[in-house]
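Here is the structure we will look at, set down as structure tokens.
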Amino acid sequence: MPEYFEEKEEEEIDRLPEIEGEDIVMRMAPYPSGPLHIGNSRMVILNDEYVKRNDGKLVLFYDDTIGSEKKKPLIEAFDLIKEGLEWLGVEWHETYYKSERMEIYYEYGQKIIEMGDAYVCECSAKGLRKNREKGIECEHRSRSVDENLEKWEKMLDGEFDEGEVTVRLKTDMQYPDPAFRDRVLFRVSNQEHPRVGDEYHVWPLLEFSWAIDDHLLGMTHILRGKDLVMEDKMEEYIWDLFGWEKCEFLHYGMLRLRNVRLSKSEFQQQIKEGKLRGWDDPRTWSLQSLKRRGIQPEAIRDFILDFGMSKTDIEVPASKLYAKNREIIDEKANRYFFVKDPVEIELVGDLDIDEAEIPRHPDFSDRGNRKIKVDRKLFISKKDWNENEGKEVRLKNLCNIKLEGHKGYVTDLANKDILKIQWLPDGEKCSVEKPDGSYDEGIVETNIEEVELNDLVQFERYGFVKILENSQWKVSYGHR
RNA sequence: GCUCCCGUAGUGUAGUCCGGCCAAUCAUUUUGGCUUCUCGAGCCAAACACUCGGGUUCAAAUCCCGACGGGAGCACCA
């Protein structure tokens with residue numbers, strides 16, 4: 001094989017602002033409710049990229065607190081996430097689980113209560129919200145430290161039910177930003193956790209667990225989306241309370257794919273209901289599904305890095321990702337004829353060719369030719385047939401015909417500048433899995449047998465596909 | 001409603017911190033042309049932008065003020 005892997009470097013590297021400091025430590029914190037998808041890949045790739053450029057350390061920290069009714073951690077997700085990271089070429093040095101560090105959170109929770117900076121609150125969720133909106137302090141706020149500690153012990157002993165009680169940070173109920181008024185630090189949950197079962201009833205919320213862990217693990221830089229900017233303030237507030245050193249925050253804006261809605265909890269549900277085939281269903285946009293479609297991890301990295309670190313919210317069409325992928329795979333993918341929804345036509349007139357020879361790749365003659373047998377009866381796609389009634393078209397690499405009904409009158413052999421269509425005398429049945437979950441059916445030339453499982457090929461005038469099964473041919477569609 | 005963030009071509013992005021070299025970068029997109037027996041790829045060319053209004057200044061995409069537009073947070077989710 002020739003050297004496809006030339007340096008593609010360019011200069012786009014400069015889209016990321018430099019970061020300061022030595023011995024950089026960063027972390028990525030996926031919530032394990034499903035595999036990483038294209039949206040999550042931004043967080044992951046930016047972290048990886050920064051760490052690699054600065055020769056730092058990257059921590060994988062499963063953010064597997066108990067979540068909510070709607071958003072549950074999923075046991076398979078831990079491995080799916082890892083698999084996705086490895087595929088993307090992300091390198092990390094240590095792995096942690098929130099669920100294994102509960103005692104640490106309790107310890108600091110106790111401390112913060114002892115310091116008088118947090119209190120046990122027995123407001124209902126509704127009441128809490130209302131007070132927060134109006135800036136009203138509830139009666140629990142003024143409890144003594146001893147009383148708080150007593151309640152805290154009871155919480156840990158499981159004497160409260162879900163929703164009955166929380167531990168709240170004592171910031172200021174008049175704080176101008178209502179989002180920052182006495183946020184909840186711990187709450188009660190009796191749900192079963194996929195890793196630690198029902199061992200704990202009291203769970204920290206992310207702002208608290210992060211404030212503790214980011215300090216304990218010595219994070220120097222924290223990268224997060226704009227949706228989590230408030231966590232900066234929360235963490236800093238808590239660090240100040242403990243007198244800890246602060247670290248640097250970096251933010252990026254929200255990224256959306258046009259016409260794509262990504263929700264792992266919804267996908268989780270749809271998979272359960274059988275509406276999606278599984279976590280590699282193309283509609284989930286999971287890394288697994290993109291791999292299945294023949295999207296290259298390098299393409300995803302390029303795609304993400306193109307956006308840099310801007311705080312602007314962006315909405316990009318998926319075609320941008322496909323453009324990146326095409327750049328990489330066009331030269332790798334050999335060409336084959338695929339006839340979708342075959343329609344039979346009969347060739348009429350002089351034609352004395354038994355076999356057509358067509359290069360495997362138009363740009364690489366060293367890959368040789370493939371041969372397709374010629375018959376009087378040929379199949380062309382229904383679409384080409386419909387659209388060219390009465391017109392002259394060229395059967396690519398064979399001859400020109402005038403289409404009339406189910407007959408093709410051979411006009412001549414010269415390579416004319418007219419529409420060239422794919423044709424086949426017969427072929428292997430082939431089913432194409434489309435990104436929207438539907439399937440295209442058709443036939444593919446028998447030469448396809450020379451390719452290996454998981455190879456990427458291009459079906460001419462149709463698109464790039466990846467070979468999923470090669471006994472009964474099944475492929476998945478990547479893009480045009 | 002309150003708090004915060006953002007606003008450069010169709011879509012993204014560089015430049016904004018440290019005003020002049022920005023009649024504004026690059027990619028993608030679109031349109032032409034060339035090439036190729038794919039509506040793919042390649043090559044060449046063209047098209048298209050500093051949200052608006054004030055101010056500061058010899059000079060503003062860059063600084064200040066205001067308006068408008070978009071987004072996020074205000075969950076006992078992450």
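Residue numbering restarts at 1 for every chain, and letters A, B, ... go by the order of the sequence lines. Since the structure is predicted, the reported quantities are computational estimates derived from the model, not experimental observations.
Checked against salt bridge (Lys or Arg N to Asp or Glu O under 4.0 Å), A:R132 has no partners two or more places apart in sequence or in another chain. Under the rule for a side-chain contact (heavy atoms from CB on, under 4.5 Å), the partners of A:N388 that lie at least two apart in sequence or sit in another chain are A:D384, A:K391, A:V393, A:L403, A:L419. Among residues two or more places apart in sequence or in another chain, the side-chain contact (heavy atoms from CB on, under 4.5 Å) test is passed with A:E69 by A:K72, A:Q191. By the salt bridge (Lys or Arg N to Asp or Glu O under 4.0 Å) test, A:K130 pairs with no residue at all, sequence neighbours left out. When the side-chain contact (heavy atoms from CB on, under 4.5 Å) test is applied to A:I271, the partners found at least two apart in sequence or on another chain are A:L276, A:W279. Residues satisfying the side-chain contact (heavy atoms from CB on, under 4.5 Å) test with A:L169, not counting sequence neighbours, are A:I112, A:T171, A:L185, A:M234, A:Y237, A:I238, A:L241.
For B:rC37, the base has a donor-acceptor partner in the side chain of A:R394 [N/O atoms by modelled type, under 3.5 angstrom].
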Return the polar atom pairs (N/O with N/O) between nucleotides 3-6 of chain B and the protein under 3.5 Å, or none.
unit_1: B:rU3; atom_1: O2'; unit_2: A:D177; atom_2: OD2; d: 3.3

Can you pull every protein N or O that's under 3.5 Å from an N or O on nucleotides 40-47 of chain B?
unit_1: B:rG40; atom_1: O2'; unit_2: A:D330; atom_2: OD1; d: 3.4
unit_1: B:rG40; atom_1: N2; unit_2: A:D363; atom_2: OD2; d: 3.3
unit_1: B:rA41; atom_1: OP1; unit_2: A:R326; atom_2: NH1; d: 3.3
unit_1: B:rA41; atom_1: O4'; unit_2: A:D330; atom_2: OD2; d: 3.4
unit_1: B:rA41; atom_1: O2'; unit_2: A:D330; atom_2: OD2; d: 3.3

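Helical stems of RNA chain B (runs of at least 3 Watson-Crick or G-U pairs, donor-acceptor distances under 3.5 Å) are listed by first residue: B:1-7 with B:68-74, B:10-12 with B:26-28, B:29-34 with B:42-47, B:51-55 with B:63-67.
Each ring pair (Phe, Tyr, Trp, His ring centres under 6.0 Å) pair with one or both residues in residues 117-137 of chain A, not counting sequence neighbours, would appear here, but there are none. Within the structure, the salt bridge (charged side-chain N to carboxylate O under 4.0 Å, His left out) test picks out the following pairs touching residues 163-177 of chain A (sequence neighbours left out): A:D177-A:K233.
Taking atom CZ of residue A:R370 and atom P of nucleotide B:rU38, one finds them 12 Å apart after rounding to whole Å.
Taking every side-chain heavy atom of A:K71 into account, B:rA78 is the closest of B:rA78, B:rG71, B:rC37.
Residues from residues 413-420 of chain A that place a heavy atom under 4.0 Å from any atom of RNA chain B, listed by number: A:N415, A:L419, A:K420.
For A:F61 and A:W210, the gap between ring centers is short of 6.0 Å.
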